[in-house]
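Okay, so here's the structure we're looking at.
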Amino acid sequence: MDFLTPVLGTLTGIEAAHWKDILIFTAKVILFCVPFVAVGFLLERDMIRLPAVSKILKIGILTTFAAPVFLYGLLNLMAPGLPDSFWESYPLLESMWIMEGRWPPIILMGIVVLFVVLYCVEIVEGDLTK
């Protein structure tokens with residue numbers, strides 16, 4: 001098992017010290033994706049026959065889980081311009097600033113907004129069926 005890290009490093013070009021960062025990033029991605037999967041399995045029904053209250057409940061749950069991902073993108077978009085006093089006040093948020101550049105956070109927020117809009121349209125129109 002001691003030879004696994006050098007072999008992986010040789011094959012991927014990633015140094016052993018970076019594997020921890022990769023695993024932490026992967027855990028963050030999984031934590032953001034798991035709620036969407038769980039809600040999909042728990043709440044999927046035939047959308048044509050659902051009453052309006054259930055449709056509103058689905059939209060509310062969707063926005064509850066989509067809002068943190070959108071806010072995460074917003075934090076990464078605004079992070080370069082935030083003063084040092086902000087990072088001193090909220091040191092936990094500094095570890096969540098992982099996106100460099102302007103476009104990755106904008107793309108993430110755009111995907112979230114597009115997902116929410118399309119899903120809400122399907123729920124309201126009743127096109128989402130099993």
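Since the model is a prediction, treat every value here as computed from it, not as a measurement.
K28 pairs with exactly one of L31, I24, I30 by the side-chain contact (heavy atoms from CB on, under 4.5 Å) rule, that one being I24.
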inquiry  = side chain to side chain contact (heavy atoms under 4.5 Å, CB included) for L71 and L74? Distances and angles first, verdict last.
reply    = CA-CA 5 Å; L71 293 174; L74 187 63; 4.3 Å; yes
query = side chain to side chain contact (heavy atoms under 4.5 Å, CB included) between V116 and F70: does it pass, once the steps are laid out?
reply = CA-CA 11 Å; V116 169; F70 182 82; over 6 Å; no
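One distance of note links CG of L57 with CD1 of I123; it measures 9.5 Å at 0.5 Å rounding. Taken from CG in L62 to CZ in F115, the straight-line distance is 5.5 Å, to the nearest 0.5 Å. A distance of 11.0 Å separates CD1 of I56 from SG of C120, quoted to the nearest 0.5 Å.
Heavy-atom neighbours of Y90 OH from other residues, nucleotides or ligands within 6.0 Å: at or below the threshold of 12. Residue W103 places its CH2 atom among 12 or fewer non-hydrogen atoms of other residues, nucleotides or ligands, all under 6.0 Å distant.
Residues W87 and P83 share a closest heavy-atom pair of CD1-O, 3.4 Å. When all heavy atoms of L92 and S95 are compared, the pair lying nearest together is O-OG, 2.9 Å.
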Would you be so kind as to tabulate the donor-acceptor pairs closer than 3.5 Å made by side chains of residues 104-113, with sequence neighbours excluded?
none

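Linking ILVMFWY side-chain heavy atoms closer than 4.5 Å, directly or via other members, places L114 and F65 in two distinct hydrophobic clusters.
With contacts defined as side-chain heavy-atom distances shorter than 4.5 Å, the pair V124/K55 does not qualify. F86 places a side-chain heavy atom less than 4.5 Å from the side chain of L93.
Looking at residues two or more places apart in sequence or on another chain, you find a ring pair (Phe, Tyr, Trp, His ring centres under 6.0 Å) between Y72 and F32.
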